[in-house]
Amino acid sequence: MTAMAMSTYDADYDRANEVKLFDESKKGVKGLVDSGLTTIPRFFIYPPETLSDLKPDSHTRPESISIPIIDLSGSRSAIVDQISRAAREFGFFQIINHGIALETIERTISAIKAFHEQPTEIKAPFYRREVRNCVRYFSNIDLYHSEAASWRDTLHVMLGSNPPAAGGLPEICREEVLDWDREVEVLGGKLMGLMSEGLGLSTERLKEYTCLEGKAMVGQYYPNCPQPDLTMGNGSHTDPGVFTVLIQDQTGGLQVKYGGLWVDVKPVRGAIVVNVGDLLQIMTNDEYKSVFHRVLANSSGQPRVSVAVFPQPGKREELYGPLPELVSPNKPALYKQFMYLEYMRKFFSKQIDGKTLLSQYKL
Ligand SMILES: O=C(O)CCC(=O)C(=O)O
Ligand SMILES: [Fe+2]
């Protein structure tokens, strides 16, 4: 088929209108699934080059590679060493014996699940895209500018030291979200200390430099997908921030790119997943890696739920770049200095799949 014939053919499909109708229905992917569809709408179909990457490569054995599971009840030097190695090699690790009760994790996940499982008319008032709203429920943050939509809905909450979001939180998960925020605040501080020591810096150095102030939380809901070979739950991306603290249910589907392979982050009950974001890779002058990860479209028959928290740097209008201690004549700065504000603006205007902010600031 010629390019002309192809575009004529494509013109029969009014993608923009389909997307708009879906968005205006406010029912999300969950609503589509509830209506009993057996094929996915066309705007969810990913391009062939992404879909061909969904199949496990029969020549490799990713089962023999696993994302490190680090026991935080061990000796401090052993923990620092393991975190440092995991952050350098995989950019991802799971922690156990971290001091947060299993019930607290499960209660948070259940509350997010309960939010998404309410009838559309109850969720609809929260369905909005304007960034000024601290609490937003939507399907696909990049719905209007991505190549393909992903099979998931999201509850997005901005949290801070004095969370403006509290009053605006949906009642069904208000207490749980605020409790989880407090847990992550404490855990995040501990992790920053450990990661700082893992770079040979003082415990407080990373915290001082980033001035972590607020947090964005996303409560992801991945309904069962009738055609999981045609779409993704969450397309391949890196996280923009400093680091991400993630809890997931037992469904599975999160994968991390390692040595050209996609490796499963296997759910471990009670464990918390931590990954390095682009900003931490930049600040560490590439010592720690921000790696591509994705979530397969869920075909387990049950919905999948995860809750990710992204601590946000406080110094929005000051400059960030590689830490001076990590720059030397042998290892010159790999990135320029930039403002976090400008950086996030770039993040939200980019498209999904395969694009990273790191290249924007590379020297
Ligand atoms: O749902 C997950 O396990 C991962 C979500 C994720 O990567 C993100 O929200 O950035
Ligand atoms: Fe992510």
Side-chain angles (χ1 to χ4, degrees), residues 28-30 50 67 87 90-95 105-106 108-110 112-113 115-116 136-143 146 149-159 177 180 184 188 215-225 228 231-258 262-269 271-281 288-300 302-312 344 347-348 350-358:
V29 174
K30 167 85 167 75
T50 311
I67 303 301
F90 292 91
F92 260 79
F93 53 91
Q94 303 208 55
I95 50 174
I105 293 173
E106 291 186 336
T108 310
I109 289 175
S110 300
I112 295 300
K113 182 165 187 274
F115 169 81
H116 286 285
R136 292 179 281 153
Y137 145 67
F138 49 76
S139 186
N140 286 267
I141 194 160
D142 50 4
L143 185 66
S146 65
S150 300
W151 205 252
R152 74 167 190 288
D153 299 329
T154 303
L155 175 66
H156 187 291
V157 183
M158 287 307 303
L159 294 157
V177 165
W180 188 242
V184 175
K215 294 182 216 73
M217 191 206 83
V218 295
Q220 311 276 29
Y221 186 87
Y222 302 87
N224 186 65
C225 181
T231 189
M232 302 285 303
N234 204 332
S236 173
H237 67 282
T238 58
D239 293 346
V242 184
F243 64 102
T244 304
V245 172
L246 178 108
I247 49 176
Q248 60 170 335
D249 67 15
Q250 297 299 299
T251 312
L254 172 62
Q255 298 186 320
V256 170
K257 197 139 206 188
Y258 176 77
W262 287 104
V263 178
D264 292 326
V265 180
K266 296 208 177 73
V268 173
R269 189 160 264 126
I272 296 176
V273 179
V274 180
N275 66 281
V276 173
D278 290 353
L279 192 55
L280 188 54
Q281 175 167 338
Y288 290 170
K289 305 292 183 313
S290 171
V291 302
F292 281 99
H293 53 285
R294 67 181 189 184
V295 180
L296 300 178
N298 172 22
S299 58
S300 70
Q302 301 296 320
R304 173 178 187 266
V305 176
S306 72
V307 182
V309 176
F310 309 97
Q312 308 271 308
M344 286 316 281
F347 174 74
F348 283 114
K350 81 176 176 169
Q351 297 205 328
I352 53 159
D353 231 38
K355 302 218 172 68
T356 168
L357 273 173
L358 294 174

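The residues of the chain are indexed from 1 along the displayed sequence. Just so you know, ligand 1 is whichever comes first in the structure, and atom 1 is the first atom listed for that ligand.
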Heavy-atom nearest neighbour in the protein, as seen from [atom], with distance rounded to 0.1 Å:
{"atom": "atom 3 (O) of ligand 1", "answer": "Arg304 NH2, 2.8 Å"}
{"atom": "atom 6 (C) of ligand 1", "answer": "Asn234 ND2, 3.6 Å"}
{"atom": "atom 9 (O) of ligand 1", "answer": "Gln220 NE2, 3.0 Å"}
{"atom": "atom 8 (C) of ligand 1", "answer": "His237 NE2, 3.7 Å"}

How does [X] reach ligand 1, if at all, at less than 4.0 Å between non-hydrogen atoms: by side chain, backbone, both, or neither?
{"X": "Leu246", "result": "side chain"}
{"X": "Asp239", "result": "side chain"}
{"X": "Phe310", "result": "side chain"}

Might you point out which heavy atoms bring [X] and [Y] nearest each other, and give the distance in Å?
{"X": "Asp249", "Y": "Ile109", "answer": "N-CD1, 3.8 Å"}
{"X": "Val242", "Y": "Leu280", "answer": "O-CB, 3.0 Å"}
{"X": "Arg304", "Y": "Asn298", "answer": "N-ND2, 3.2 Å"}

Which atoms of ligand 1 are found less than 4.0 Å from any heavy atom of [X]?
{"X": "Val295", "value": "1 (O), 2 (C), 3 (O), 4 (C)"}
{"X": "His293", "value": "7 (O)"}
{"X": "Val218", "value": "9 (O)"}

Can you check whether Tyr137 and Phe115 have ring centres sitting under 6.0 Å from each other?
yes
Quickly, which of Ile247, Val307, Val245 forms a side-chain contact (heavy atoms from CB on, under 4.5 Å) with Val184? Name it, please.
Val245
Parallel, tilted or perpendicular: which describes the rings of Phe90 and Tyr258, with under 30° parallel and over 60° perpendicular?
parallel
Do Gln248 and ligand 1 have an N or O pair less than 3.5 Å apart?
no
Of all N, O or S atoms in Asp239, which has the smallest distance to the Fe ion (ligand 2)?
OD1
Main-chain N/O of Lys266 paired to Asp264 side chain as donor or acceptor, under 3.5 Å
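Side chain of Asp264 to backbone of Lys266, a donor-acceptor pair under 3.5 Å: no, none is there.
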Evaluate the side-chain hydrogen bond (donor to acceptor under 3.5 Å, both in side chains) criterion for residues Asn234 and Ser150: first the C-alpha distance (whole Å), next the side-chain angles of each, then the deciding distance (0.1 Å), finally the verdict.
CA-CA 6 Å; Asn234 204 332; Ser150 300; 5.5 Å; no
